[in-house]
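Here is how names work: the chains are called A, B, and so on, in the same order as the sequence lines, proteins then strands, and each is numbered from 1.
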Amino acid sequence: MNRDRIITLLFLLGSLIYPILMRDPYYMHMAILIGIYALLAISLNLLLGYTGQLSLGHAAFFGVGAYVSSLFYLNLKIPVWIGMVMALIASGILGYIVAKLSFKLRGAYFVIMTIGITEVLKLVGLNWVDLTKGPMGLTDIGAPTIHLGGLGTLDFGDKIPYYYLILSLVVLCFYLQYRLVSSSYGRAFISIRENEDLAESVGINCYKYLVIVVMVSASIAGVAGSLYAHYVSFIDPGVFAFFISVNVVMMVIGGGQGTLMGPIIGAILFTLIPEWLRVFGDARMAVYAVMVIVIVIFMPRGILFYVTQLLNLRKKT
Amino acid sequence: MLGVEHIEASYGHIRALSDVSLKVEEHATVTLIGSNGAGKSTLLKVVSGLLKPNEGKVEFYGERIDGLSPDRIVARGIAHCPEGRRIFPELTVVENLEMGAYLERSKKLVKERIEKLFDSFPILRERHKQLAGTLSGGELQQLAIARALMSNPKMMLFDEPSLGLAPILVDQVEKIILRLKEEKITILLVEQNANMALELADYAYVMETGSIILEGPSPDLRRDERVIKAYLGGLEG
Amino acid sequence: MIFVQYVINGLIIGGAYALIGIGLTMVFGIMRVVNFAHGEMYMLGAYFLFTFFTKMGINFYLSMLLAIAAVMGIGGIYEKAILKPLRRRSIETVMLSMIGFSLFIQNIAMLIWTPVPESITSPFPLTAYTLGGLYFLPQRIMVIFAALFLVLLTHLLLKKTKIGKAMRATFQDLEAASLMGIKIDRIYSFTFVIGVGLAASAGTLLGPIFTVHPYIGNLANLKAFAIVIIGGLGSFTGAITAGFLLGVFESLGAGYVSSGYQDAIGFILLIIILIYRPTGLFGKIGQRR
Ligand SMILES: Nc1ncnc2c1ncn2[C@@H]1O[C@H](COP(=O)(O)OP(=O)(O)OP(=O)(O)O)[C@@H](O)[C@H]1O
Ligand SMILES: [Mg+2]
């Protein structure tokens, strides 16, 4: 317990001084993306890690967040912050609908619903040209700003302030995850994951808890989408890519599902891995796919878990 | 001919059998009685290969069969008539019977066996085209037994064939088993209906919470006080 | 009249959808898992036909058979190498490895055939027969007849043959089936191979009608999921009905509403079904004990 705390704090400290050590814009860029994916991974960890429900449509919540917040900004010229809240609400509502529809029946239904809704939203993004500009996408999505009275305005259009904005949100969500998981809700989630029938028999309303956790998860994913849009300032229906959903699942599983730090570690690994795989050229995604299969089959408890186990074995022999 | 030695088996972490041994001689009828959850069905599953034991061995005609897959065990001549009948509800009666003889390659032989069984179970002939799911309880039990017999087994494992049947139908099942006994088929009969089981069997085992606690020739057990108290409702006399 | 034409066009495409649907529902029937690589098998069917027929000039029907056989071979290897060892693992592990496999196939297809869409040349004359004001393209007539033939063949396989009966027995009660001496492993492999073969056959039928590119499997998957859920997971009749239904609705939707959303229609039907009849039209969920 204590060791975990120390590691977490060291991690936080490292993240705080990271921009001082790494001035290179590329490293800052990767760090910001990692932060955004960490939010997405935390949101999925609540669902997959703690209640055992596999979502393969986190790109849907992410993309809806990105589009809603961008559209509010571009069409109504309201502050970005309000747009972000709108993204949170919109994704939460979408999550509610998906959960309501699919949790009457279990098993593959939720997975299919989440995949399906992503594909449909992609079609909407491509075809509702009046609103979304279709495949052209939305451009000139501004970054948030804060007026500091006499001190001028803090513009999050720069990488460093945006980095700290994201970092604070990751810390907030991490804390939220921690509180949620150690509350009575968290215990309910875990009992649903371990044995749904048993959970139901001790009076846990699984359906209700699952709907709640999907809503929370979707809302966080929506915020991540919004942060992404205002960071890159351009989005197209590619935000609904199936790859995003798969990669987030890999973050959660590869990092260690159902652990607090898992999604953070996973986000680092699986933001960087697709970049590293560029050395394989066109075969990059095929290699990635093989990795997915290998990790899912042989390392369901996360890469780190197996690496430490291997190291421990070495020490012993 | 069937020897079960020091079997230990579990479902995941739940231990269901510990150190169970029993023997069934050729042409004998042996019963295994015991209350709910004692592990009787589990033992049959181990014998028929549905569950791999953690320890111990199962021998059939002197050869080890534990660890073999169910189809291999059926091929050696053990038919398991499972608890709850487990008929294929959306197959017709005839199709169910055909499945019973799945390992028999000759279609002609399968047909002959079906005809022979129809003679012993005339109600099945009447229903032969119906979906099995539409049969009544007694008919289902007959079909389950007939289906198991389709493999032409040397040995039959029965798991609570009288369960859930009206008294007349229980008598009917009893008659069927008696007939099989006369035909020199070796039988291992699991029952909660100890009265019937002890009447039919030559030798009996009593199981409780995963272990054999008592065994002996049926007539002896019928006079055993513990058995009378626990399984015969104290009405024996 | 145009309405009738739309319905007929829809029924023709629906025939191929029915094939995709029964393939998926069969695999679900035995594995209790939706095969997430089903659409990729459809895609491979279309691409193999492209290679054998358009590129290599082999006879069209022979090319179709070769394409289907090739996909069945790949499916068989996949089943043996990956799915079989995972039989006792959690459903999530199985689903995710299937998704990994589908990504793999998609990207291998991209390496082999490039992402540029290809079209399979039609071996049939391009002039339509007319009958009472309705048009029938020879290509499409072949599609519906081939689809009906394959549906019938699958039906006969399941109803009349020994292995077909064993498959149905296994769908209904796996444990009891194994007590009959049925080798469950063989039934798994056989069912999987037949299932992906049906997806591939749909690919060879629709490939010459639409264009072929490495991502057509995504939409095929989505439609296949919709079909089996609308029809009722595991139901053969349901998959056929829902396949034709989807074809007709798509055709009407594209004709009267907008072709951009044509591919979303399956999902919309799926949602309607989930609201009003969650077990599907012919639903029998949880039938196996
Ligand atoms: N599939 C299973 N998974 C987990 N535990 C099981 C399973 N089947 C049986 N058990 C447990 O194993 C023990 C033995 O069960 P078994 O079915 O062999 O008893 P039984 O003597 O046949 O009882 P009954 O007379 O009710 O049929 C019980 O405690 C039961 O709860
Ligand atoms: Mg029992």
Which pair of non-hydrogen atoms, one from A:I297 and one from C:T93, has the smallest distance, and what is that distance?
CA-CG2, 4.4 Å
Nearest heavy-atom pair of C:A264 and A:V120: which atoms, and what distance?
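Residues C:A264 and A:V120, closest heavy atoms: CB-CG2, 4.2 Å.
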Taking non-hydrogen atoms and a cut-off under 4.5 angstrom, which of residues 273-290 of chain A neighbour chain C?
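Listed by number, the contacting residues are A:D282, A:A283, A:M285, A:A286, A:Y288, A:A289, A:V290.
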Side chain, backbone, both or neither: which part of C:I82 has an atom under 4.5 Å from a heavy atom of chain A?
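When you check distances to chain A, only side chain atoms of C:I82 fall under 4.5 Å.
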Could you tell me which portion of C:L96 (side chain, backbone, both or neither) has an atom closer than 4.5 angstrom to a non-hydrogen atom of chain A?
both
Is it the case that atom [atom1] in [X] sees more than 12 heavy atoms from other parts of the structure closer than 6.0 Å?
X      : atom1 : answer
A:Y306 : OH    : yes
A:R301 : CZ    : no
C:F244 : CZ    : yes
C:F249 : CZ    : no
C:Y256 : OH    : yes

At a heavy-atom separation under 4.5 Å, does [X] approach chain C through its side chain, its backbone, both, or neither?
X      : answer
A:V296 : both
A:I295 : neither
A:M113 : both
A:I117 : both

In Å, rounded to the nearest 0.5 Å, how long is the span from [atom1] of [X] to [atom2] of [Y]?
X      : Y      : atom1 : atom2 : value
C:I99  : A:M250 : CD1   : CE    : 11.0 Å
A:I112 : C:F267 : CD1   : CZ    : 9.5 Å
A:E119 : C:N221 : CD    : CG    : 9.0 Å
C:M95  : A:L56  : CE    : CG    : 7.5 Å
C:Q106 : A:F242 : CD    : CZ    : 8.5 Å

Counting heavy-atom pairs closer than 4.5 Å to chain C, which one of A:I115, A:V294, A:N127 comes out on top?
A:N127
Using atom types as modelled, flag every donor-acceptor pair under 3.5 Å from a side chain in residues 254-271 of chain A to any protein atom, sequence neighbours excluded.
from, atom 1, to, atom 2, distance (Å)
A:Q257, NE2, A:P300, O, 3.3
A:T259, OG1, A:G256, O, 2.7
A:T259, OG1, A:G262, N, 3.0
A:T271, OG1, A:A267, O, 2.5

Looking at C:I108, C:V33, C:L86, which has the largest count of heavy-atom pairs under 4.5 Å with chain A?
C:L86
Top contributor to chain A contacts, counting heavy-atom pairs under 4.5 Å, from C:L219, C:V94, C:L111
C:L111
Is there side-chain contact between C:Y261 and A:V124, with heavy atoms separated by less than 4.5 Å?
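C:Y261 vs A:V124: side chains touch.
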I would like to know whether C:F101 and A:V292 meet side-chain contact (heavy atoms from CB on, under 4.5 Å); could you show each step before the answer?
CA-CA 9 Å; C:F101 180 68; A:V292 168; over 6 Å; no
side-chain contact (heavy atoms from CB on, under 4.5 Å) test vs C:E92 passes for just one of A:V111, A:L54, A:V249, namely A:L54
